[in-house]
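Reviewing the structure listed below.
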Protein chains: 2
Amino acid sequence: MEKLSIDQVVAKLIQGIENKTLANAEGKLPSERELLGLYPISRYTLRQALNQLSKMGWIYQMQGRGSYVRGQNNHSTLIDQGDLGSNEDLTRGEKNIQTVHYTKRIITYGEALFLPSQKQFGPEQTFIELKRYRTLDNKPYLIDHSYYIPEVVGDISDAMVRGSMFEALEKEKQLQVGFIDKFIQSDALTATQAEFFRLEEGMPTLTVRDDSYLRNGELLAFSKIYYDYRLATLYMHKKLVK
Amino acid sequence: MEKLSIDQVVAKLIQGIENKTLANAEGKLPSERELLGLYPISRYTLRQALNQLSKMGWIYQMQGRGSYVRGQNNHSTLIDQGDLGSNEDLTRGEKNIQTVHYTKRIITYGEALFLPSQKQFGPEQTFIELKRYRTLDNKPYLIDHSYYIPEVVGDISDAMVRGSMFEALEKEKQLQVGFIDKFIQSDALTATQAEFFRLEEGMPTLTVRDDSYLRNGELLAFSKIYYDYRLATLYMHKKLVK
DNA sequence: AAGTGGTCTAGACCACGGG
DNA sequence: CCGTGGTCTAGACCACTTG
């Protein structure tokens with residue numbers, strides 16, 4: 001048998017759980033020593049994989065007893081902000097998100113409506129401002145208000161704006177996001193925002209402020225997303241014990 | 001030298017970062033091979049510790065270059081929902097949170113205003129309902145609406161209600177929370193809720209629905225917390241690359 | 001006592017970034 | 001090319017749960 005990487009083991013384990021061929025009737029998985037007999041890997045690799053499943057909420061492990069599968073949440077209807085951190089913000093799953101309207105322009109530092117949490121800029125700094133109005137299954141879903149650092153991202157084409165910005169930046173410019181600081185709040189809608197959601201001014205909206213950094217620690221964008229509060233739910237699985 | 005556990009290494013590294021004795025002027029930490037010379041540990045232990053620092057947002061690591069410290073966010077003013085998962089919900093840091101009013105009663109299944117995401121109950125199931133009105137620095141801050149499973153938690157004394165429920169359950173009943181499913185939304189305030197926050201009905205509130213499970217996978221409580229949207233910010237650090 | 005997951009060691013090789 | 005972090009192995013011992 002060939003060697004397996006951690007990600008391959010994760011995939012195989014998930015497959016076995018979904019097929020219901022791995023766990024017994026009580027949801028108990030084979031012990032780690034038994035699983036080692038199924039795949040040609042070391043215990044370290046296996047445990048890294050099991051750890052990923054734990055952080056994703058697929059299983060939980062109990063010292064002295066074993067590993068058990070959990071029932072699944074409706075991930076398809078939720079925005080997963082959880083530990084796995086697979087890809088981007090909301091283009092997760094098979095969601096049908098489209099950009100119905102957008103504006104793009106260059107602004108200066110003083111015109112930004114908010115600023116990143118950590119980085120300081122000089123007054124002559126410019127940003128590429130992007131406002132996007134996006135729908136989920138043709139219903140108004142979110143307003144994305146982003147500022148990109150031109151020295152880092154270069155030009156942004158119209159084609160990129162339609163879809164997932166981070167996917168486009170990775171494919172076309174080999175820019176890979178390394179980590180993100182997120183700040184989640186509830187706000188009151190402005191009149192303009194409310195009009196898009198067909199709500200009233202002052203009504204609630206769920207907001208997510210993101211500061212996105214490259215793998216080398218350089219800030220490439222900061223944004224604020226306003227969600228229709230009737231449609232958006234952020235989901236997180238939090239593992240407390242080691 | 002004595003052996004060091006991962007948590008001890010984490011503590012020492014954080015101390016070194018805060019003292020500014022560990023990183024150089026550019027924020028670059030010693031290489032892993034150099035750090036191994038400072039502490040009597042194996043590379044595995046060191047990397048587990050560095051991984052924790054990465055997930056907490058203290059540092060970032062770059063293959064081929066090294067590890068670098070990040071500037072810190074104002075953790076004291078934020079609710080950290082992030083990866084660290086050290087203890088409980090919001091009693092984190094030195095926050096001055098107090099319960100100014102609460103009600104406790106036994107209800108039946110049909111009376112619950114919401115239900116957990118995964119578990120099914122029979123119609124004869126009862127819950128311990130707890131509503132708590134809590135302040136931060138003597139200002140109205142949150143309304144905590146919780147249902148505890150009596151078969152799991154037993155009785156809840158008045159002393160427990162005043163402070164952190166999970167801390168009390170752990171100390172007095174040796175019940176340890178293993179993992180939590182979280183669902184974050186923005187809602188409109190009811191008239192009763194708005195009165196506590198001195199806001200108007202229909203104005204925004206940030207809500208967090210928690211399903212809390214013991215280490216053995218048993219649900220012990222489910223809750224919904226309504227925050228004053230002017231005061232609450234959830235913070236999260238998301239690491240995307242391996 | 002037996003079996004489980006949790007921690008830790010020592011060592012090897014790989015993949016990436018920068019001179 | 002060299003030094004960096006990333007992956008992986010084989011093995012040992014510890015801590016916890018259950019019978």
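If you're wondering where the values come from, they're calculated on a predicted model, not measured in any experiment. Quick note on labels: first sequence line is chain A, next is B, and so on, each numbered from 1.
Side chain of A/Gln8 to backbone of A/Ser5: a donor-acceptor contact under 3.5 angstrom is found. In this structure a side-chain-to-backbone donor-acceptor pair under 3.5 Å is present from B/Asp211 to B/Ser117.
Rounded to an integer number of Å, the gap from A/Glu32 CD to D/dC16 P is 16 Å. Taking atom CZ of A/Phe179 as the reference point, atom C1' of D/dG5 lies 15 Å away to the nearest angstrom. Rounding to whole angstrom units, CG of residue A/Leu36 and P of C/dG3 are separated by 16 Å. In this structure, the CG atom of B/Leu35 is 13 Å from the P atom of D/dG6, given to the nearest Å. At whole-Å resolution of the value, CG in B/Asn216 and P in C/dG5 are 15 Å apart. The separation between A/Leu29 atom CG and C/dT4 atom C1' is 13 Å, rounded to whole Å. Distance OH (A/Tyr68) to C1' (C/dG3): 12 Å, rounded to an integer number of Å. One interatomic measurement links the two molecules: CD1 of B/Ile59 to C1' of D/dG5, which rounds to 11 Å at whole-angstrom precision.
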Pairs under 3.5 angstrom, nitrogen or oxygen only, protein versus nucleotides 7-10 of chain C, please.
residue : atom : partner : partner atom : Å
C/dT7   : O4   : A/Arg43 : NH1          : 3.4
C/dC8   : OP2  : B/Ile6  : N            : 3.3
C/dT9   : OP2  : B/Ser42 : N            : 2.9
C/dT9   : OP2  : B/Ser42 : OG           : 2.7
C/dT9   : OP2  : B/Thr45 : OG1          : 2.4

Check the interface with nucleotides 15-19 of chain C: list each N/O to N/O pair with the protein under 3.5 Å, or write none.
residue : atom : partner : partner atom : Å
C/dA15  : N3   : B/Gln63 : NE2          : 2.9
C/dG18  : OP1  : B/Arg65 : NH1          : 3.4

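OP1 or OP2 of C/dT4 has not a single side-chain nitrogen or oxygen of A/Gln61 nearer than 4.0 Å.
Residues B/Glu129 and B/Lys104 are not paired through a salt bridge, judged by the lack of any N-O separation under 4.0 Å between the basic side chain and the carboxylate.
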Is there a side-chain contact (heavy atoms from CB on, under 4.5 Å) between A/Asp181 and A/Phe183? Walk through the geometry before answering.
CA-CA 7 Å; A/Asp181 284 323; A/Phe183 307 88; 3.9 Å; yes

Would you sort out whether A/Lys55 and A/Leu53 count as a side-chain contact (heavy atoms from CB on, under 4.5 Å), showing the intermediate values?
CA-CA 6 Å; A/Lys55 289 195 291 186; A/Leu53 293 192; over 6 Å; no

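Judged by the 6.0 Å distance and 45° axis criteria, B/Arg70 is positioned over the aromatic ring of A/Tyr213.
Classified by interplanar angle (parallel below 30°, tilted 30° to 60°, perpendicular above 60°), the ring pair B/Phe179/A/Tyr60 is tilted.
One finds the OH atom of A/Tyr235 at 11.5 Å from the CD1 atom of B/Ile184 (value rounded to the nearest 0.5 Å).
Aromatic rings from B/Tyr148 and B/Phe222 are positioned such that their centres are separated by 6.0 Å or more.
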